[in-house]
Amino acid sequence: MTPSVERPSIQDLEALLAESLGADFQIKSLEWKPLTAPGENFGSVMLAMNVTLTRANRTETLNLVAKLPPTSAYLLELFNSPVTFRKELKFYSIMTREFEKLQLESGVKKQDICVLAPKFYGGRLGLCDPEKFDEHAVIILENLKYNGYDTQDRIHGLDRKHTDFALEELAKLHAHTVALKLKKPEIFREIVSEVLTEVLNDTTEKCVIDMVRKAEADLKEIEEAKPYLDRVSRTIEFGIQLNKNSRKPEEPWATLVHNDFWVNNMMFRHDARGELIGMKIVDFQLCLYDHGVYDLLFFLVSSVKKDVLDHKLSDMIDYYYRCFIKSLKTLKVDTEKFTKRSFDELVNYCGPAKFNQCLMMAQVIQAPKESAPEMKDLKGDMFLNRGVDDVYREKLLQIVKLFDERGWLIE
């Protein structure tokens, strides 16, 4: 990593790191650079930092990631950054710790604890008041790339091996939340108020609807999509109205929904032989309290290779259910109410509601990498200028046909 000439705009870095390292250290040097390329992350500024420090008469280098608010006023509003930064900060600082304690209390050995997210080093919402959001908000995490983790190809998606691995980790995330809810209801209620609050505002809602309308217009230009267009329109309207009407998710299935669980928000680790040995989930700023099946369906439709999705969708949905039940049992949760029949009913209930997210995110996920603008140049129409190339057209058609085959288009 080549040292930057400028220091990153992170004041009081020592105080942030003291949350995890204690006070007995001194920062000797700091190198940093942007972590992600344009178009790979819009909701925040991501920096890779190498921090060399001394403590206890020894020198060490920490490989870290700093997540800061976007610099664009439009993106701050679009991503409702005062809310989403608070949610994510509380997830890393509180909820992950509760997940680990829950496993230990359930008899899981310390060396076998499942750690779903990167290690948290420190964070704040603001500089003057750590509980009040300002431009100095920051979350410091381990840099997973230095531990051998990396992302996969977002445009073509995951093969079956990586998909199954991701399904196992997603099931654990959902099961850990359900177990916390059932076994420690008071702690869970506190966490819900901090981590699982709604993030939608007027700017976000308008952007989402505009992107869905753009995808609908693109489908109208595709000849093979014309037999589905009436049902597509009804399903789109169903989804828009569903988002406007507040509702409580069905219990006992309600859990933490990541709400943005696709290829770019998961990192895989392989050994020297290329065998898959680990995975971490990142970017928890949009998480909600709802049906975990929403994450499941969006992930499969958005992030799995075409041939796998076309032929193995039911198998993958069933695999997630088995992993979810297994995780609940590991945490000593009675699974009697979590029947396969009620799960299958929930899948079909949630299917139509996920149509809009799958359509609109195809514009982002299948976007050519070289087409992304710089963050400083982003405006309100940044997601609406996407042309209809072959990759995007094929994905839109696949989504529509899949939802039709599953009976998830509104008649």
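Keep in mind that this is a model prediction, so the values were computed, not measured.
Between D344 and K340 there is a salt bridge, with a side-chain nitrogen of the basic residue lying less than 4.0 Å from a carboxylate oxygen of the acidic one. In summary, D202 and K206 do not engage in a salt bridge, as defined by a charged side-chain N under 4.0 Å from a carboxylate O. A salt bridge links E216 with R213; the closest basic N to acidic carboxylate O contact falls under 4.0 Å. Look at E60 and R55 and you find a salt bridge, because one of the NZ, NE, NH1 or NH2 atoms lies within 4.0 Å of a carboxylate O, short of that distance. Taking 4.0 Å as the cut-off between side-chain N and carboxylate O, E237 and R234 do not count as a salt-bridged pair. Electrostatic pairing of K67 and E88 counts as a salt bridge here, judged by a charged N lying under 4.0 Å from a carboxylate O. D112 and K109 are not joined by a salt bridge, as no carboxylate oxygen comes within less than 4.0 angstrom of a charged side-chain nitrogen. Using a 4.0 Å cut-off between charged side-chain N and carboxylate O, E131 and R86 make a salt bridge. Using a 4.0 Å cut-off between a side-chain N of Lys or Arg and a carboxylate O of Asp or Glu, R393 and D218 do not qualify as a salt bridge.
Across all their heavy atoms, H162 and Q152 have their closest contact at NE2-OE1, 3.9 Å. Nearest heavy-atom pair, E77 versus N201, reported as atom, atom and distance to 0.1 Å: O-ND2, 2.9 Å. Taking both residues in full, the closest heavy atoms of T151 and N264 are given as CG2-O, 4.1 Å, listed atom of the first, atom of the second, then distance. When all heavy atoms are compared, the tightest approach of F298 to K354 is CB-CD, 4.0 Å. Residues L35 and K145 share a closest heavy-atom pair of O-NZ, 4.3 Å. R406 and I317 make their closest contact through NH2-CD1, 3.9 Å (heavy atoms, listed as atom of the first residue, atom of the second, distance).
Considering CG of L53 and NZ of K28, their distance stands at 10.0 Å, rounded to 0.5 Å. Atom CE of residue M266 and atom CZ of residue F165 lie 12.5 Å apart, to the nearest 0.5 angstrom. Taking CZ from R154 and OG from S302, the interatomic distance works out to 12.0 Å, rounded to the nearest 0.5 Å. D153 contributes atom CG, which lies 6.0 Å from atom CD1 of I155 (distance to the nearest 0.5 angstrom). Distance CZ/F403 to CD1/I410: 10.5 Å, rounded to 0.5 Å. Rounding to the nearest 0.5 Å places CG of L309 at 10.0 Å from OG of S303.
Less than 6.0 angstrom separates the ring centroid of F338 from the ring centroid of W253. Note: H174 and F324 fail the aromatic proximity criterion, with ring centroids not under 6.0 Å apart.
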- Are R160 and D307 close enough, and set up right, to give a salt bridge (Lys or Arg N to Asp or Glu O under 4.0 Å), and what steps lead you there? CA-CA 10 Å; R160 182 64 188 273; D307 59 335; over 6 Å; no

- Go through K172 and E169 one step at a time and tell me if the salt bridge (Lys or Arg N to Asp or Glu O under 4.0 Å) criterion holds. CA-CA 5 Å; K172 291 174 186 175; E169 301 308 292; 3.2 Å; yes

- Test salt bridge (Lys or Arg N to Asp or Glu O under 4.0 Å) applied to R273 and D271, step by step: CA-CA 5 Å; R273 297 175 299 171; D271 64 18; 3.6 Å; yes

- Task: Evaluate the criterion side-chain contact (heavy atoms from CB on, under 4.5 Å) for residue pair F261 and D283; output intermediate values, then yes/no.
- Result: CA-CA 9 Å; F261 191 72; D283 201 354; over 6 Å; no

- Could you please spell out the steps behind the salt bridge (Lys or Arg N to Asp or Glu O under 4.0 Å) verdict for E105 and K184? CA-CA 11 Å; E105 293 163 3; K184 297 184 175 182; 2.8 Å; yes

- Test log, rule side-chain contact (heavy atoms from CB on, under 4.5 Å), inputs M95 and L256: CA-CA 10 Å; M95 200 162 188; L256 181 152; 3.5 Å; yes

- Task: For side-chain contact (heavy atoms from CB on, under 4.5 Å), just list the numbers for N265 and F284, CA-CA rounded to whole Å, side-chain angles, deciding distance to a tenth of an Å, and then say yes or no.
- Result: CA-CA 9 Å; N265 288 331; F284 290 87; over 6 Å; no

- Evaluate the side-chain contact (heavy atoms from CB on, under 4.5 Å) criterion for residues H176 and T255: first the C-alpha distance (whole Å), next the side-chain angles of each, then the deciding distance (0.1 Å), finally the verdict. CA-CA 9 Å; H176 288 176; T255 186; over 6 Å; no

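Remark: the backbone N or O of Q363 is not paired with any side-chain donor or acceptor of K395 at under 3.5 angstrom. Counting only distance, with no hydrogens or angles, the side chain of D134 and the backbone of L127 share a donor-acceptor pair below 3.5 Å. At distances below 3.5 Å, not a single donor-acceptor pair connects side-chain atoms of E275 with backbone N or O atoms of H270. The main-chain N or O of M49 is never found under 3.5 Å from a side-chain atom of N143 such that the two would form a donor-acceptor pair. With D295 contributing its side chain and N259 its backbone, the two residues share a donor-acceptor pair below 3.5 Å. Within the 3.5 Å criterion, the main-chain N or O of P69 finds no donor-acceptor partner in the side chain of S81. Under the 3.5 Å distance criterion, the side-chain polar atoms of S327 are matched with a main-chain donor or acceptor of C323. The backbone N or O of H136 lies less than 3.5 Å from a partner atom in the side chain of R124, making a donor-acceptor pair. Formation of a donor-acceptor pair under 3.5 Å by the N80 side chain with backbone atoms of V199 is found in this model. Between the side chain of Y92 and the main chain of I139, no donor-acceptor pair closer than 3.5 Å is present.
Side-chain atoms of F120 and R97, non-hydrogen and from C-beta on, never get closer than 4.5 Å to each other. Counting heavy atoms from C-beta on, the side chains of K181 and E251 come closer than 4.5 Å. For the pair Y121 and L21, the minimum side-chain heavy-atom distance is below 4.5 Å.
Using the six-membered ring where Trp is involved, F343 and Y321 have ring planes that are tilted, between 30° and 60° apart.
Side-chain N/O atoms of N50 and W32 include no donor and acceptor closer than 3.5 Å. The closest side-chain donor-acceptor pair between S106 and K183 falls under 3.5 angstrom. Looking only at atom types and distance, the side chain of T52 has a donor-acceptor partner in the side chain of T61 under 3.5 Å away. Side-chain polar atoms of Q398 and D310 form a donor-acceptor pair below 3.5 angstrom. Under the 3.5 Å distance criterion, with hydrogens and angles disregarded, a donor-acceptor pair is assigned to the side chains of E142 and N147. With 3.5 Å as the limit, one finds no donor-acceptor pair spanning the side chains of E168 and Y320.
Residue-environment remark: NZ (K305) exceeds the threshold of 12 foreign heavy atoms within 6.0 Å. The number of heavy atoms from other shown groups lying within 6.0 Å of CG (N57) does not exceed 12.
Applying the salt bridge (Lys or Arg N to Asp or Glu O under 4.0 Å) test to every pair with at least one member in residues 255-264, sequence neighbours left out, gives no pairs at all.
Evaluated for a side chain to side chain contact (heavy atoms under 4.5 Å, CB included) with C287, the options V195, T177, V257 yield exactly one hit, V195.
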Donor-acceptor pairs under 3.5 Å, side chain of residues 187-194 to any protein atom, not counting sequence neighbours: which ones?
residue	atom	partner	partner atom	Å
S193	OG	E190	O	2.6

